[in-house]
2 protein chains.
Amino acid sequence: MKERHEYILGEVVKAYLDTGKTVGSRMLSEQGEIGLSPASIRNAMADLERMGLLCSPHTSAGRKPTDDGIRYFVDSLMTVDSALEKRLIASAESNLHSGVELNKVLQQATEELTSLTRFAGLVSVHEPDFKRIKNIELVPISSEQILAVIISSEGEVQNRLVRRTDTMSDDKLREISSKISALLSQCNLKEARERLVKEIDQDRLKIRQLLEELKQWTENPTEGKTDLIFSGQSQLLKMPEFGVIETVRSLFAVFEEKEDLLKLVKEVERSEHGVKVFIGQEHALVDMEEISVVLSRYEGEGRMLGTLGVIGPKCMQYDRVLPIVDCTARWVSKMLGGSR
Amino acid sequence: MKERHEYILGEVVKAYLDTGKTVGSRMLSEQGEIGLSPASIRNAMADLERMGLLCSPHTSAGRKPTDDGIRYFVDSLMTVDSALEKRLIASAESNLHSGVELNKVLQQATEELTSLTRFAGLVSVHEPDFKRIKNIELVPISSEQILAVIISSEGEVQNRLVRRTDTMSDDKLREISSKISALLSQCNLKEARERLVKEIDQDRLKIRQLLEELKQWTENPTEGKTDLIFSGQSQLLKMPEFGVIETVRSLFAVFEEKEDLLKLVKEVERSEHGVKVFIGQEHALVDMEEISVVLSRYEGEGRMLGTLGVIGPKCMQYDRVLPIVDCTARWVSKMLGGSR
DNA sequence: GGCTGGCACTCTATCGACCCGAGTGCTATT
DNA sequence: AATAGCACTCGGGTCGATAGAGTGCCAGCC
């Protein structure tokens with residue numbers, strides 16, 4: 001690709017991201033510092049259209065970049081606003097205080113994302129592996145139910161209601177509780193399951209029911225976890241591209257469904273890169289051709305903890321949004337770094 | 001108010017709730033079983049307009065009920081669809097199985113609400129009083145942090161990260177854990193705070209930092225609880241009244257803000273009635289004149305646990321929606337009745 | 001006296017005609 | 001190779017006419 005073409009493409013994309021409208025050759029020639037006549041620009045644009053980087057919705061409507069065009073811009077032509085980046089890092093540093101709970105950090109992160117970008121913020125929490133059991137506590141709740149509180153070595157807490165068919169005194173329960181805790185402490189899920197099976201076979205403790213329910217838990221420990229946090233969804237409604245109700249509906253259907261978004265999240269979790277951008281059709285969400293998603297992984301103590309980012313219109317200012325998402329992810333990582 | 005007028009008002013409201021459009025005298029005379037000429041109906045309508053129960057947006061546009069008109073209908077004229085009600089109760093009975101966790105029941109309830117009404121479902125969880133502490137468990141997470149797991153006598157579990165400034169062995173921590181648990185067990189928050197203060201003064205255990213953080217917790221135990229669960233928000237977008245983007249935006253702003261909705265929820269929590277309806281301006285949500293909210297309290301084990309209901313267009317079929325909300329609340333109450 | 005039919009009037013929503021502006025593609029020219 | 005000019009195309013906005021739905025009021029009927 002010739003330098004001339006790259007240059008023109010860059011200008012077209014910039015203008016498009018600025019205004020959200022198609023850009024014509026005259027307007028580009030007049031307002032920019034291109035120094036070329038409209039006709040020359042038209043030639044270049046025609047070439048770019050043949051390459052599949054630009055397209056025009058109809059004959060006399062100017063041109064706008066295709067998804068590929070924006071992709072090329074983001075990957076090769078764009079330079080991020082480094083002054084902005086520095087400011088972001090500085091302001092992030094300023095409110096660094098560790099020892100805060102995961103959920104609060106994430107909540108703050110989404111809000112930060114929406115207030116900086118004016119788009120919808122999105123944070124996913126990676127389903128943790130619940131590697132090792134640290135502690136199990138059985139607490140009597142009523143005559144019929146027991147609450148099992150299971151704590152992982154990573155500080156994850158889960159609780160589960162268990163029916164209490166076998167009648168037993170609270171003292172007895174306490175005794176059983178510490179026995180089970182001793183039995184399963186330091187086990188990973190597989191080991192725990194094995195030990196439970198063995199215990200159920202022997203049936204020494206006469207608490208088959210309870211053990212069965214615990215075993216069930218080892219098979220499906222993270223069932224029903226909430227996994228996606230949103231904020232600022234209503235921000236998106238301000239965008240002109242949502243004049244059509246249809247678009248809005250499918251957007252919010254996506255928010256509710258979550259399935260499809262989770263796919264993207266998983267993809268980012270697996271990827272190597274920090275920030276990943278999905279432009280228009282690239283994310284394969286139905287009826288969301290005008291939407292882009294910018295995501296980044298965040299980490300804590302070496303392991304990947306989840307993904308965060310924003311959802312916004314395709315014509316967003318990527319050179320602003322990318323560093324924002326990047327810095328927020330770094331900030332979250334730092335907050336969680338030493339804390340768990 | 002004369003019988004004739006009541007009758008006409010009822011028919012107008014019914015027609016309006018059916019179609020969402022203004023209703024004219026001719027149309028009413030032709031399709032209904034009124035047996036009156038358009039002119040007579042017009043006279044009655046003019047009277048009702050003077051009474052403030054009907055209004056017309058402009059001269060030649062037919063009439064529609066005012067908020068007061070709908071209110072009169074709901075309070076005095078409407079009969080609920082008792083066949084529907086019976087079916088609802090039956091289907092609710094059929095999937096009654098107790099011993100399920102609160103959150104799952106509520107999630108299921110909102111989904112039930114949206115699928116039955118095709119509006120947005122809403123469930124609030126009343127901030128629990130966390131009456132008595134049952135158990136406290138301190139679990140070492142890292143060299144810097146301790147996880148405090150606090151279990152209430154109602155089976156509520158909360159956990160909190162605590163910094164670990166005082167170095168101590170895991171054994172020591174276990175010892176302290178059981179001491180604190182013994183100290184605070186069966187206390188309500190006030191008593192717990194007092195005992196903690198006393199303990200901090202004496203400073204026998206040399207764990208001032210830890211105790212301080214626990215004391216802080218007793219002062220604000222439910223901080224940052226999620227309190228409103230939605231579902232089916234995108235359903236609302238299908239309603240014709242959301243042709244205008246403005247309405248949609250303010251609606252979703254309300255969803256995000258939550259503040260205003262919480263006010264309604266609190267009102268329902270305080271009220272005596274089962275189901276409560278807020279029509280149009282009655283709920284005082286800005287820009288939501290075309291929206292109605294139907295809420296009902298639900299209970300468990302005698303005490304009020306929260307509120308659930310739907311948010312939908314003002315012209316919803318109240319005779320369907322009221323029993324649906326009512327039955328769902330009963331169902332939830334039943335599910336939670338014996339379970340905690 | 002209350003109900004009804006008729007008539008004149010009002011207001012909105014819709015449709016088609018029309019024009020303007022923005023933009024393109026092609027070709028001749030420098 | 002870049003530019004200037006020209007004919008052509010298409011979408012959006014404005015304007016006016018029309019149809020339709022509905023009202024209010026009046027005179028007549030039971």
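Order of the sequence lines sets the chain letters (A, B, ...), proteins ahead of strands, with each chain counted from 1. Any value given below was found using the heavy atoms of this structure, including those in side chains, with hydrogens, waters and symmetry copies removed.
- Across the protein-nucleic acid pair, B/Met45 atom CE and C/dC3 atom P stand 16 Å apart, rounded to whole Å.
- In this structure, CZ of A/Arg26 is placed 14 Å from P of C/dG25, rounded to the nearest angstrom.
- Partners of A/Ser292 under the side chain to side chain donor-acceptor pair (under 3.5 Å) rule, at least two apart in sequence or in another chain, are A/Tyr318.
- One N or O on the side chain of B/Thr110 and one on the backbone of B/Gln107 form a donor-acceptor pair closer than 3.5 Å.
- For A/Gln317, the side chain to side chain donor-acceptor pair (under 3.5 Å) criterion is met by A/Asp18, not counting sequence neighbours.
- Nucleic acid contact for B/Ser40: base, since at least one base atom lies under 4.0 Å from a heavy atom of the residue.
- One interatomic measurement links the two molecules: CD1 of B/Ile41 to C1' of C/dG5, which rounds to 14 Å at whole-angstrom precision.
- Remark: B/Arg4 is in phosphate contact with C/dC3, judged by side-chain N or O atoms under 4.0 Å from OP1 or OP2.
- Take B/Lys64 and apply the side chain to side chain donor-acceptor pair (under 3.5 Å) test, not counting sequence neighbours, and it matches no residue.
- Two residues are said to be in side-chain contact when any heavy atoms from C-beta on lie closer than 4.5 Å; A/Asp319 and A/Leu84 fail this criterion.
- Taking the charged nitrogens against the carboxylate oxygens, B/Lys314 and B/Asp67 do have a contact shorter than 4.0 Å, which makes a salt bridge.
- Counting only distance, with no hydrogens or angles, the side chain of A/Thr114 and the backbone of A/Ser231 share no donor-acceptor pair below 3.5 Å.
- For A/Lys21 and C/dG21, the NZ to C1' distance is 14 Å, given to the nearest whole Å.
- Judged as a side-chain hydrogen bond (donor to acceptor under 3.5 Å, both in side chains), the pairs with a partner in residues 43-55 of chain B (not counting sequence neighbours) are, in order, B/His5-B/Asp47, B/Asp47-B/Arg50, B/Glu49-B/Arg63.
- Under the rule for a ring pair (Phe, Tyr, Trp, His ring centres under 6.0 Å), the partners of A/Phe230 that lie at least two apart in sequence or sit in another chain are A/Phe255.
- Scored by the side chain to side chain donor-acceptor pair (under 3.5 Å) test, B/Ser37 finds B/Ser40 as partners (sequence neighbours excluded).
- Using a distance-only test at 3.5 Å, with no hydrogens or angles considered, a donor-acceptor pair links the side chain of B/Glu256 to the main chain of A/Ser234.
- Scanning residues 58-67 of chain B for heavy-atom distances under 4.0 Å to DNA chain C yields B/His58, B/Thr59, B/Ser60.
- Evaluation of the side-chain contact (heavy atoms from CB on, under 4.5 Å) rule for B/Lys21 yields B/Thr19 as partners, not counting sequence neighbours.
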Might you list the N or O atoms of the protein lying below 3.5 Å from N or O atoms in nucleotides 26-30 of chain C, with each pair's distance?
none

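- Among the heavy atoms of the strands lying under 4.0 Å from B/Ser25 are primed sugar atoms or P, OP1, OP2 only; no base atom is included.
- Protein chain A touches strand DNA chain D; the 5'-most and 3'-most nucleotides with an atom under 4.0 angstrom of its non-hydrogen atoms are D/dA2 to D/dG11.
- Rounded to 10°, the helix from C/dG1-D/dC30 to C/dT30-D/dA1 has 20° between the axis fitted to its first five pairs and the one fitted to its last five.
- For A/Arg71, the side-chain contact (heavy atoms from CB on, under 4.5 Å) test picks out A/Asp75, A/Val277, A/Ile279, A/Glu282, with sequence neighbours left out.
- Following rounding to the nearest Å, A/Leu48 (CG) and C/dG25 (P) show an atom-to-atom distance of 12 Å.
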